[in-house]
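One structure is given here, and the rest of the page talks about it.
Note: hydrogens, waters and symmetry copies are ignored here, and every other heavy atom, side chains too, is used. These figures come from a predicted structure and were not determined experimentally.
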Amino acid sequence: MSGEGGELERTLGFVEAMTLGGGTMIGAGIFILPGIAAESAGPASSISYAIAGFVALLAALSLSELATGMPIAGGSYHYVNRALGGLFGAVVGWGMWTGLMFASAFYMIGFGQYLVEPIPFLDGRAFIVGLGLVGLVLLLGVNYYGTEESSAFQNVTIGTETAIILVFVAVGVFYIDPGNLEPFAPFGPRGVVATTGIVFISFLGFEIIATVAGEIKNPSRIIPLSMILSVVLVTILYVLVMLVSTGVVPFESLGDSPIPVSDVAVVYLGSAGVVAIVFAAIIAAISSSNSSILAASRVIYAMGRDGVVTDWFNASHPRFYTPHRAIAATGGITAILILVGLEVETIIALLAEAASFSFLVAYSLVHVSLVVFRRADPDDYDPSFALPRPLYPAVPVLGVVSSLVVVSQMASIVVVIGSVIVGFGVLWYATYTRGRVVSEGLLREAIRGPAAEPFRVVVPVANPATQRGLLRLAAASAHANEERGTPELVAVNVTPVEHPSALQNVEADRADHQRDLLKNAHDIATEMDVTLRTKAVVAPDVGEAILDVIREEAADEVILGWDGTLDRDGYVFGETVDPIVEQARCDVSVVDLRSETIGVPVALVAPGPNAPVVAHQAVEFATVDGTVPTLLNVQSPGGGPDSDAEERGRAVVADAAGAAGLEPGEYDVEVVVDDDVGQAVVEAARRYDTVCVGLSGRSEGARTPFGTVTERTVSDVTGNVALIRGSNAS
């Protein structure tokens with residue numbers, strides 16, 4: 001997984017999740033859209049809401065699995081970007097951002113309508129737009145400065161408006177005139193389906209639960225329960241509202257009203273009911289618009305983080321810790337959309353349908369993403385809520401089909417607007433995003449099916465000057481072990497942050513550096529013909545973060561860069577490298593790359609547990625430049641003839657090569673006999689481009705083991721040096 005920072009604190013329980021999801025859905029759509037829906041489908045508009053609720057329920061089911069498999073912030077954009085890659089991420093990102101702004105503008109125009117219409121001395125579209133703009137500015141201020149207290153206020157207002165709607169329905173059922181429900185579907189099935197596209201905007205609230213998945217307590221239970229329950233309950237409520245509305249007031253009259261619920265309430269609740277409905281409509285519009293602005297700004301903020309758009313958006317205010325640039329951009333475009341609302345009669349339905357179109361496309365890709373995750377089965381995807389058979393694959397398949405059917409019945413102008421947004425996302429990816437994103441999708445793996453067991457090499461990358469050489473060595477090692485598994489590299493970059501916090505914009509701080517490093521990693525992997533995944537991590541301790549990745553990935557090998565300095569500040573290799581060498585449960589190579597040319601490696605082979613690993617690693621490294629390595633052993637005369645010493649040396653090499661599974665033709669042998677073993681090793685090693693040395697078995701307290709020969713080799717040879725410790729020596 002690319003780019004997770006510090007986790008957010010999990011403080012949201014079931015009630016809070018239901019308030020976010022269900023409460024947001026009981027928003028302005030229930031007060032404004034009934035008139036438009038009735039005009040388009042008659043009393044059968046209740047069926048339109050039921051169909052929209054069913055499509056939303058399918059999306060909620062797929063999102064529930066995805067959100068429990070990756071319970072982090074991001075929502076649909078994150079899942080699609082992760083599953084399908086940057087192209088579809090760009091399409092969904094732009095679609096969600098514009099859709100949420102369309103929705104917010106729609107809510108704020110409705111806010112203005114419900115204030116202007118009942119007050120005799122207020123009149124005109126200019127008042128509606130002006131009030132909408134004033135409300136927008138206030139909401140932008142709240143989002144810009146950030147207030148924790150606003151969530152408590154939101155809970156109270158949502159509870160109040162829900163209570164008012166329940167009274168509206170409970171009393172209204174007794175005033176339904178069955179004659180008003182005939183004909184039930186005056187515009188036929190096509191009108192019902194077309195109206196579904198208009199009202200689908202009413203069901204966007206459950207998406208917010210997925211967006212804040214990283215902050216929900218017990219996500220495996222609360223996420224699916226709150227998402228599914230909120231959609232079901234709100235769908236039932238919407239159907240009842242439409243049956244009451246079209247049963248009390250003829251649908252022709254309802255369609256002519258900009259404040260339809262108020263016109264229904266006055267019939268049986270009188271002026272007090274109208275006041276209550278107006279109050280509920282106003283707070284519903286404000287809360288729904290606030291949620292849309294919050295979500296839209298987070299989408300463009302996340303797109304900036306992922307490199308889909310400029311990282312200018314991926315900045316937080318130094319004092320308020322809010323994504324102020326993303327909020328400002330979102331507010332500016334939403335204000336333009338509200339100004340277009342001067343033509344209220346035409347624009348309000350258009351805004352609703354355009355938002356619905358964007359999210360129907362997004363949810364279609366969410367369903368596809370679920371299939372991709374199931375097929376690719378990445379290691380970091382472990383959903384606690386998984387769709388059982390026969391819901392899988394029935395839910396994603398039916399979800400895609402139903403979403404596309406609804407889209408196909410939308411007005412031509414809406415399809416054109418939506419297609420332009422999709423086309424813009426594709427064009428944006430082709431001209432800007434491609435090559436900038438630091439993560440790849442899983443589509444290729446899904447098409448291939450479950451991958452064979454990999455031989456996985458983890459490569460921490462931090463220095464652009466050495467990462468190419470490290471990745472070449474890692475690719476060579478992975479290819480040399482193909483009989484053990486499919487070669488795979490995991491390039492890791494860690495940004496150290498002392499106290500990772502949701503209030504710190506660590507994503508912006510690391511974005512440029514990590515994007516360059518990981519983009520180069522992809523280029524090199526393509527050149528070396530090896531599968532590469534990248535991970536970008538923010539953590540207080542770099543060494544511990546790398547160890548965590550090694551454990552999570554079940555790495556077979558790790559190759560670390562190192563500056564060649566030994567024994568400083570209480571560490572052997574350094575504060576970051578020492579813990580990895582000591583604790584990683586896999587083969588570890590600590591490499592001082594002094595030249596990008598690997599050339600002819602030499603392995604210093606001496607009796608000990610690391611000898612086979614050192615010999616095998618030299619053979620692996622030699623494949624980088626197509627050379628044959630030398631396995632070198634140095635013997636002291638030991639009081640006997642040189643021939644005996646040389647025999648001893650060849651026996652040591654043969655034993656190590658045999659234990660490493662090497663064939664005689666894969667390496668050359670050199671045995672040096674000298675009284676000064678250390679000096680002989682250095683002099684012999686100087687003739688080679690890369691020297692592979694095993695870490696000795698000697699241990700000094702809790703410190704990483706290394707020996708005198710290792711120290712002399714590191715300090716005196718001029719070529720590359722790789723210090724190697726096998727997993728059996730860890």
What's the spacing between [X] [atom1] and [Y] [atom2] if we round to 0.5 Å?
| X | Y | atom1 | atom2 | result |
| --- | --- | --- | --- | --- |
| Ile598 | Glu620 | CD1 | CD | 12.5 Å |
| Phe621 | Asn720 | CZ | CG | 9.5 Å |
| Ile546 | Asn493 | CD1 | CG | 9.0 Å |
| Asp689 | Arg594 | CG | CZ | 12.5 Å |
| Ser64 | Leu387 | OG | CG | 8.0 Å |
| Asp556 | Ile550 | CG | CD1 | 11.5 Å |

Do side-chain atoms of [X] reach the backbone of [Y] as a donor and acceptor pair under 3.5 angstrom?
| X | Y | answer |
| --- | --- | --- |
| Ser595 | Thr597 | yes |
| Asn633 | Val671 | no |
| Asp625 | Thr627 | no |
| Ser62 | Leu370 | no |
| Thr690 | Pro601 | no |
| Arg456 | Glu553 | yes |

Minimum heavy-atom distance between [X] and [Y], given as atom pair plus value:
| X | Y | answer |
| --- | --- | --- |
| Val400 | Ser364 | CG2-O, 3.5 Å |
| Glu65 | Pro383 | O-CB, 3.5 Å |
| Pro460 | Leu560 | CG-CD2, 3.5 Å |
| Pro609 | Pro612 | O-CD, 3.6 Å |
| Phe373 | Tyr79 | CE1-O, 3.8 Å |
| Asn610 | Gly694 | CB-CA, 4.3 Å |

**Item:** Over 12 non-hydrogen atoms of neighbours within 6.0 angstrom of CD in Glu575
**Value:** no

**Prompt:** In terms of heavy-atom contacts, does CZ of Arg221 have more than 12 from other residues, nucleotides or ligands at under 6.0 Å?
**Reply:** no

Side chains of [X] and [Y] in contact at under 4.5 Å (non-hydrogen atoms):
| X | Y | result |
| --- | --- | --- |
| Val91 | Val426 | yes |
| Val717 | Tyr688 | no |
| Tyr429 | Val308 | no |
| Phe385 | Ile223 | no |
| Pro224 | Thr68 | yes |
| Gln583 | Glu544 | yes |
| Tyr667 | His616 | no |
| Val693 | Val614 | no |

**Message:** Walk me through whether Arg686 and Asp716 qualify under side-chain contact (heavy atoms from CB on, under 4.5 Å).
**Reply:** CA-CA 8 Å; Arg686 282 175 176 164; Asp716 294 346; 3.8 Å; yes

**Request:** For the pair Val714 and Leu723, evaluate side-chain contact (heavy atoms from CB on, under 4.5 Å) and give the outcome as yes or no after the intermediate values.
**Result:** CA-CA 9 Å; Val714 170; Leu723 305 182; 4.2 Å; yes

**Asked** Would you call Arg712-Asp676 a salt bridge at under 4.0 Å N-O?
**Response** yes

**Prompt:** Val677: what forms a side-chain contact (heavy atoms from CB on, under 4.5 Å) with it, not counting sequence neighbours?
**Reply:** Val634, Ser636, Val681

**Request:** For side-chain contact (heavy atoms from CB on, under 4.5 Å), just list the numbers for Val624 and Leu473, CA-CA rounded to whole Å, side-chain angles, deciding distance to a tenth of an Å, and then say yes or no.
**Result:** CA-CA 7 Å; Val624 172; Leu473 291 176; 4.2 Å; yes

**Request:** For side-chain contact (heavy atoms from CB on, under 4.5 Å), just list the numbers for Asp644 and Arg648, CA-CA rounded to whole Å, side-chain angles, deciding distance to a tenth of an Å, and then say yes or no.
**Result:** CA-CA 6 Å; Asp644 292 341; Arg648 291 197 303 272; 4.2 Å; yes

**Asked** Just checking, is any N or O donor in the side chain of Glu557 or Ser477 under 3.5 Å from an acceptor N or O on the other one?
**Response** yes

